[in-house]
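Below: one structure, written as structure tokens.
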Amino acid sequence: VNLCNPPYSADATGQVDATSAITDALHNVGDGGTVVLCKGTFVLNTVLPTSSDSCKGSGAALCLPWGLRATLAGAGQNETIVKQGAKVQAAAWGSSLSLRDLTLTDELPAGQQPDVGSVYKVVGMWSMDQWAAWQYNVTDVSFRRVHFVCTRNHAAINLRYARRIVIDDCRIDGGAI
């Protein structure tokens with residue numbers, strides 16, 4: 001599934017929130033599927049309603065249904081940029097969402113402050129929680145050729161509960177694993 005083509009037609013300029021388009025594509029691609037992002041910038045700035053107990057209150061933009069394993073793939077590090085907007089605490093939470101060939105950043109434009117209200121601060125831009133990992137056996141994730149730019153969160157990736165992880169040719173600026 002190519003996110004830049006219909007029916008998703010996500011904005012690659014970074015001007016329009018792409019959360020719904022990415023979420024819809026990830027849900028529709030099916031278990032083991034890949035959603036391809038074209039070259040450009042995609043902003044995640046909405047915490048969507050979710051039926052997932054682990055995602056409620058997490059402040060995360062992307063939360064896959066338990067048991068769904070999917071990949072978000074870009075055109076290359078610094079070619080495809082996924083930005084965590086001011087209104088979200090984490091880009092992805094509690095799911096088996098693998099990342100490939102993109103940059104994930106929580107950096108905000110100069111002068112802009114986070115606007116997360118009462119949502120607590122999570123520890124990573126990408127986090128797997130205990131319920132997803134142990135109750136629903138969501139454990140297999142991979143990060144290949146991903147550049148993490150971490151300015152607001154304590155860590156780029158929170159792997160505390162993941163059991164099988166592949167990290168290959170990644171760069172992390174300003175955070176930890």
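Residues C4 and L37 share a closest heavy-atom pair of SG-C, 4.5 Å. Heavy atoms only, all atoms of each residue included: A18 and A10 are closest at CB-CB, 4.5 Å.
Side-chain contact between T34 and V1 is absent, with no heavy-atom pair separated by less than 4.5 Å. Looking at heavy atoms from C-beta onward, L72 lies in side-chain contact with L97 at the 4.5 angstrom threshold. Using a 4.5 Å heavy-atom threshold, the side chains of T103 and V146 count as separate.
The structure places CZ of R144 at 8.0 Å from OG of S98, a figure rounded to the nearest 0.5 Å. Atom CZ of F42 is separated from atom CD1 of I22 by 6.5 Å, given to the nearest 0.5 angstrom. Within the model, atoms CG of L99 and OG of S142 stand 8.0 Å from one another, a figure rounded to the nearest 0.5 Å. Rounded to the nearest 0.5 angstrom, H147 NE2 and D169 CG are separated by 11.5 Å. Expressed to the nearest 0.5 Å, how far OG1 of T105 lies from CG of L44 amounts to 11.0 Å. A distance of 11.5 Å separates CG in L104 from NZ in K83, rounded to the nearest 0.5 Å.
Under a hydrophobic-cluster definition in which Ile, Leu, Val, Met, Phe, Trp and Tyr are linked whenever side-chain heavy atoms come within less than 4.5 Å, directly or via other members, V16 and L26 are assigned to different clusters.
For the side-chain contact (heavy atoms from CB on, under 4.5 Å) with I81, the qualifying choice from V149, T41, L102 is T41, the only one to do so.
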Q: Could you please spell out the steps behind the side chain to side chain contact (heavy atoms under 4.5 Å, CB included) verdict for T23 and S20?
A: CA-CA 5 Å; T23 298; S20 287; 5.7 Å; no
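Listed by chain and residue number, T13 satisfy the side-chain hydrogen bond (donor to acceptor under 3.5 Å, both in side chains) test with D11 (two or more places apart in sequence, or in another chain). Residues meeting the salt bridge (Lys or Arg N to Asp or Glu O under 4.0 Å) test with D101, sequence neighbours left out: R145. With sequence neighbours left out, the side-chain hydrogen bond (donor to acceptor under 3.5 Å, both in side chains) criterion links T80 to no other residue.
For the residue pair Y8 and N28, a side-chain donor N or O sits within less than 3.5 Å of a side-chain acceptor on the partner.
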